[in-house]
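What follows is a short report on a single structure.
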Amino acid sequence: MPLSELTDRFGRTVNYVRLSVTDRCDFRCVYCMAEEMTFLPRAKILSLEEIARVARSFVSLGTEKIRLTGGEPLVRKGILDLVREIGHYGLRDFAMTTNGSHLPEMAEELRKGGLHRLNISLDSLDPEKFHAVTRTGKLPQVLEGIEAARDAGFRNIKLNTVVMKGRNDEEIPDLIEFARARQLDITFIEEMPLGEISEHDRGLALCTSEEVRSIIRQHHDLEHTGDDTGGPARYYRMPGSDIRVGFISPHSHNFCATCNRVRVTVEGRLLLCLGNEHSVDLLGVLRAHPDNDEVLRETIIKAMDLKPERHHFSSNGDVEILRFMNMTGG
Ligand code: SAM
Ligand code: SF4
């Protein structure tokens, strides 16, 4: 099978798939979910076997990198079995994005199951502010989860921080020192307008990557590394440390030209772009052809023609995409 089976109309090769394994979560982060959420009924979501079929089909079409996400992937029952299954596929990179709350008891099994890398979300080091952002999260549990991941032997752990003015922008220097002391990479993310939220005005809370960099530069020099590989993040380094500091800036840096990824929601919708509503139903195909993945593979190949050229986010806080991030697989 040629490596670049999946190519879109703009010549971009798609070799990275993010699979959402649940829309549920034990947190209710203000930028991601409403306080009261209605989650999908079981019949509407992909089974673990169906998620594995999707993963296998993408791998057979040249996918080299899979990330499991959600919702919170570690609250999905049987997630360790899915990790062990995908862990056998010989991927170049097999990663997960998690809020860390279940890592204390699961990090070791995830590592043994073949997961290569973890991104752990951490928006604050202050227990009260952490609770205010996540609504239900407990900081000590997440800090313990980060330690458990390090003890389990995960390398290149990356922290993800969504920066919001008035909520956690003052903690940027502390988060940098936390990451430096533990040899963890850290990426600062501009909040994206996904789903209607009520707790703050996104337009006012937006803290641009440029603003974050100028705060960090009050303490450390930052040098752009240039090793920005197809993803949305731009990476920098600081003297006296090996860690990378990344910036995801959907408002101020358009990364669409090198986009190499697609997403599959837990409802089995193949999303060609985070910032557009285009999608292709894979659930129907999976269930119509339970014993044969050929139609599934053809559907995936054809879907590449729908991948749009670019996203259309604006920075005034207006919602342009009605899906919440937990539905999208962030
Ligand atoms: N529950 C896991 C977690 O929090 O890491 C994985 C799913 S979460 C949707 C993935 C990432 O998306 C997290 O780092 C989260 O901070 C980020 N995120 C969620 N909503 C966002 C938004 N509106 N703008 C920017 N990032 C967002
Ligand atoms: Fe849950 Fe992650 Fe969304 Fe927070 S960002 S509510 S942890 S899915």
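The first residue of the sequence shown is numbered 1, and numbering continues consecutively from there. Values below: every heavy atom of this structure, side chains too, minus hydrogens, waters and symmetry copies. In listed order, ligands and their atoms are each counted from 1.
Here Cys32 does not reach atom 1 (Fe) of ligand 2: none of its N/O/S atoms is less than 2.8 Å from the metal.
Each of the following atoms of ligand 2 lies closer than 4.0 Å to a heavy atom of Phe27: 6 (S), 7 (S). Per-residue contacts place Cys29 under 4.0 angstrom from the following atoms of ligand 2 (heavy atoms of the residue considered): 4 (Fe), 5 (S), 6 (S), 7 (S). Close approach to Gly71 involves these atoms of ligand 1, each under 4.0 Å from a residue heavy atom: 1 (N), 2 (C), 6 (C), 7 (C). Residue Glu190 approaches ligand 1 through these ligand atoms, each under 4.0 Å from one of its heavy atoms: 25 (C). Applying the 4.0 Å criterion to heavy atoms of Thr98 picks out, from ligand 1, the atoms 2 (C), 3 (C), 5 (O). Heavy-atom contacts of Glu72 reach the following atoms of ligand 1: 1 (N), 2 (C) (cutoff under 4.0 Å). In the vicinity of Met192, heavy-atom distances shorter than 4.0 Å reach the ligand 1 atoms 22 (C), 23 (N), 24 (N), 25 (C). Using a 4.0 Å cut-off to heavy atoms of Gly70, the atoms of ligand 1 that qualify are 7 (C), 9 (C). Heavy-atom contacts of Asn160 reach the following atoms of ligand 1: 14 (O) (cutoff under 4.0 Å).
Not a single heavy atom of Ser121 sits closer than 4.0 Å to an atom of ligand 2. Within the structure, ligand 1 lacks Cys25 among the residues with a heavy atom less than 4.0 angstrom away. Using a 4.0 angstrom heavy-atom cutoff, Ser20 does not count as in contact with ligand 1.
Within the 4.5 Å cutoff, no side-chain heavy atoms of Thr69 are placed close to those of Leu19. Taking 4.5 Å as the limit, some side-chain heavy atom of Val163 sits within range of a side-chain heavy atom of Asn168.
Annotation for His219: atom NE2 counts as buried by contact number, over 12 foreign heavy atoms lying within 6.0 Å. Atom CG of Asp81 is surrounded by more than 12 heavy atoms from other residues, nucleotides or ligands within 6.0 Å. Other residues, nucleotides and ligands place more than 12 heavy atoms under 6.0 Å from the CD atom of Glu177. Other residues, nucleotides and ligands place more than 12 heavy atoms under 6.0 Å from the CD atom of Glu211.
By the 3.5 Å distance cut-off applied to N or O atoms, Tyr31 is counted among the residues near ligand 1. Below 3.5 Å of separation, one finds no N or O of Asp123 facing any N or O of ligand 1. An N or O contact shorter than 3.5 Å is missing between Thr69 and ligand 1 by distance. Every N/O-N/O distance between Pro73 and ligand 1 stays at or above 3.5 Å.
Residue-level proximity to ligand 1 for Thr97 is carried by backbone and side chain together, each with a heavy atom below 4.0 angstrom. Under 4.0 Å from ligand 1, not a single heavy atom of Asn119 appears.
Considering only residues two or more places apart in sequence or on other chains, Lys307 meets the salt bridge (charged side-chain N to carboxylate O under 4.0 Å, His left out) condition with none of them. Evaluation of the side chain to side chain donor-acceptor pair (under 3.5 Å) rule for Glu171 yields Ser124 as partners, not counting sequence neighbours.
Screening Leu296, Leu61, Thr7 for a side-chain contact (heavy atoms from CB on, under 4.5 Å) involving Ile301 leaves a single residue, Leu61. Partner Arg28 forms a side-chain contact (heavy atoms from CB on, under 4.5 Å) with one of Glu35, Glu36, Met33 and no other, that one being Met33.
Geometrically, Arg117 does not engage Phe94 in a cation-pi contact, judged by NZ or CZ lying under 6.0 Å from the ring centre and within 45° of the ring axis.
Between Lys165 and Asp169 there is no salt bridge, since no side-chain N of the basic residue sits under 4.0 Å from a carboxylate O of the acidic one.
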